[in-house]
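To start, the structure itself, in structure tokens.
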Amino acid sequence: FAELELQVERTLDEVDVYADPARISQVVTNLLTNAAIWTPPGGTITVTVARGPDGAEIAVADTGPGIPEDEIPQVFDRFFRGAAAPAGGSGIGLAVARELVRAHDGDITVDSRPGRGSRFLIRLPTTTTPSHGAFTESSLPLSSVDLVNSTTTNRRPEWRSGTRPQ
């Protein structure tokens, strides 16, 4: 991150979502890792936490090269690696991220255009309990503000290692 600018924007009153903090942190970490790998030196990664119509929204946006339009439908598929992906990485990171978000009754989407960067948006509903009972006893209501604070302050230097997790 030494060569990148990281911005964290919180534009919400505190909103609680019933979530497994470790799993949602894993999703945000994956998105930040991908953004750091694809954002050129001097670029910017922005994490935004906001209240959406049905709960919390966490967005990770970058000023990287963007994703070709024909690859967008596959970015969340297991083992998908884009044509421009450098060596390394298995192509399962975004597929796992999608499954983890869905396990929280949420959704994850991407908006990207070549030359304009990418923006991944996680939507987590405000609920008292998940509809499918997939959480362990350690799950508890989590402030999305606390989630982003803990994720962005535990940055790993190997994010710029040259390998691209998906």
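All figures in this text were calculated on a predicted structure; none of them were measured in a lab.
Salt bridge D107/R123: present, at least one basic N to carboxylate O contact under 4.0 Å.
Across all non-hydrogen atoms, the minimal contact from P114 to P68 is CG-CA, 3.9 Å. Taking both residues in full, the closest heavy atoms of G64 and P40 are given as CA-CD, 3.9 Å, listed atom of the first, atom of the second, then distance. The minimum heavy-atom distance linking E57 with P53 is given by the pair OE2-CD, 3.6 Å. When all heavy atoms of A19 and H104 are compared, the closest pair comes out as CA-CD2, 3.4 Å.
Between the side chain of T63 and the backbone N or O of T44 there is at least one donor-acceptor pair closer than 3.5 Å. Judged by distance alone, with hydrogens and angles left aside, the side-chain atoms of D62 form a donor-acceptor pair with the main-chain N or O of S118 at under 3.5 Å.
Between the CG atom of L121 and the CD1 atom of I108 there is a distance of 8.5 Å, given to the nearest 0.5 Å. Going from atom CG of L100 over to atom OG of S25 covers 11.0 Å, rounded to the nearest 0.5 Å. The structure places CG of L31 at 11.0 Å from CD of Q26, a figure rounded to the nearest 0.5 Å. Note that the CD1 atom of I24 and the OG1 atom of T29 stand 11.0 Å from one another [nearest 0.5 Å]. Annotation: the span from D111 atom CG to R116 atom CZ amounts to 10.0 Å, rounded to 0.5 Å.
With contacts defined as side-chain heavy-atom distances shorter than 4.5 Å, the pair I92/F79 qualifies.
By the salt bridge (Lys or Arg N to Asp or Glu O under 4.0 Å) test, R78 is found to be paired with no residue, residues two or more places apart in sequence or in another chain being considered.
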**Request:** Would you sort out whether I122 and V27 count as a side-chain contact (heavy atoms from CB on, under 4.5 Å), showing the intermediate values?
**Result:** CA-CA 9 Å; I122 302 164; V27 171; 3.6 Å; yes
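V60 pairs with exactly one of T46, N30, T33, I45 by the side-chain contact (heavy atoms from CB on, under 4.5 Å) rule, that one being I45.
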